[in-house]
Amino acid sequence: NAGVTQTPKFQVLKTGQSMTLQCAQDMNHNSMYWYRQDPGMGLRLIYYSASEGTTDKGEVPNGYNVSRLNKREFSLRLESAAPSQTSVYFCATKRDRGGNQPQHFGDGTRLSIL
Amino acid sequence: AQKVTQAQTEISVVEKEDVTLDCVYETRDTTYYLFWYKQPPSGELVFLIRRNSFDEQNEISGRYSWNFQKSTSSFNFTITASQVVDSAVYFCALSDDTGGFKTIFGAGTRLFVKA
């Protein structure tokens, strides 16, 4: 009954280091999303995958890359971390790309870049 | 362009008070969907409700009620007889079927309910 699982939950990086955030879902959902949450700014979409085999940029993609490894897994990579990427990252899924579908969220990854 | 505005950054009430969280949205689409999500202090995001643009009926679920008014582009959320467990950040969100894979979130309203 895991739903959406994000790893790790916390991470501290130094500027310039790289890192991959992992997201796995057991809901058999087709669409997956990566958001970042910053104080006073709500959730902003970084990248999304409407279905297996496709990925597209969201509102704030610079500095990130993604991989939809299979239907279950969607990873987010920071190639060269910057302090501006300090944030809480959420992975979310939807059954499909339909606008009427609610999103199901993981518990988040709190990332600090020093 | 789509936009969701939650003008109230923080609200503080005393337990048992009623409180309304405001949400105003902008969209050019005729078919769209509005959502409310709750983020308690533990950090996870929980879906509360969805309304379709073609259904303006208000909805009540226990102490929670939602008032959807297309004429004012608002989708407000009222908690009646608030409880400490209602303390959370509440997000209003908007999506449609054309860009349906994108959901636009408001900045959130942080609600403090004091005992």
Side-chain angles (χ1 to χ4, degrees), chain A residues 2-6 8-10 23 27 29-52 54-61 66 68 74 87-111, chain B residues 1-10 21 23-25 27-55 59 66 68 75 88-110:
Chain A
V4 182
T5 303
Q6 289 184 234
K9 296 193 184 306
F10 302 95
C23 176
M27 307 180 75
H29 283 180
N30 290 303
S31 300
M32 299 185 74
Y33 306 79
W34 276 106
Y35 292 91
R36 59 178 289 172
Q37 181 181 17
D38 301 294
M41 303 188 74
L43 283 85
R44 292 182 293 168
L45 183 63
I46 305 171
Y47 271 92
Y48 63 96
S49 172
S51 60
E52 186 180 357
T54 69
T55 61
D56 285 288
K57 296 178 180 179
E59 182 186 354
V60 289
V66 290
R68 182 75 183 265
F74 188 38
S87 188
V88 181
Y89 291 84
F90 285 96
C91 176
T93 71
K94 283 199 312 186
R95 191 183 69 196
D96 54 49
R97 64 166 60 191
N100 64 339
Q101 300 294 315
Q103 301 198 16
H104 301 264
F105 288 86
D107 289 341
T109 295
R110 191 172 296 274
L111 183 61
Chain B
Q2 293 183 324
K3 186 178 179 182
V4 176
T5 302
Q6 294 180 258
Q8 303 151 309
T9 305
E10 290 187 358
L21 309 182
C23 174
V24 174
Y25 62 92
T27 181
R28 296 178 194 167
D29 297 298
T30 55
T31 300
Y32 52 89
Y33 309 92
L34 295 161
F35 302 83
W36 277 96
Y37 290 86
K38 176 182 180 179
Q39 186 177 39
S42 51
E44 74 276 18
L45 282 136
V46 178
F47 164 68
L48 293 178
I49 191 173
R50 177 196 70 214
R51 297 307 285 174
N52 306 328
S53 56
F54 44 85
D55 181 3
E59 182 151 344
W66 291 270
F68 176 30
F75 184 41
V89 180
Y90 292 87
F91 291 97
C92 182
L94 167 70
S95 69
D96 58 53
D97 275 335
T98 53
F101 30 79
K102 297 180 185 177
T103 300
I104 304 299
F105 286 83
T109 296
R110 184 176 297 275

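Both backbone and side-chain heavy atoms feed into the values below; hydrogens, waters and symmetry mates do not.
- Closest approach of A:Gln103 to B:Phe47, counting heavy atoms only: O-CB, 4.3 Å.
- Of all residues in residues 30-37 of chain B, those placing a non-hydrogen atom less than 4.5 angstrom from a non-hydrogen atom of chain A are B:Tyr33, B:Phe35, B:Tyr37.
- Across B:Ser95 and A:Gly99, no two heavy atoms sit closer than the pair OG-O, 2.5 Å.
- Within the 4.5 Å cutoff, side-chain heavy atoms of A:Tyr35 are placed close to those of B:Thr103.
- Counting non-hydrogen atoms of other residues, nucleotides and ligands closer than 6.0 Å to CZ of A:Arg110 gives a total of 12 or fewer.
- Looking at B:Gln6, neither its backbone nor its side chain comes within 4.5 Å of chain A, counting heavy atoms on both sides.
- The candidate with the highest count of non-hydrogen atom pairs below 4.5 Å against chain A, out of B:Glu44, B:Arg110, B:Arg50, is B:Arg50.
- Looking at A:Gln37, the atoms closer than 4.5 Å to chain B (heavy atoms on both sides) all sit in the side chain, from C-beta outward.
- When each of A:Asn100, A:Asp56, A:Val88 is checked for heavy-atom pairs under 4.5 Å with chain B, A:Asn100 comes out on top.
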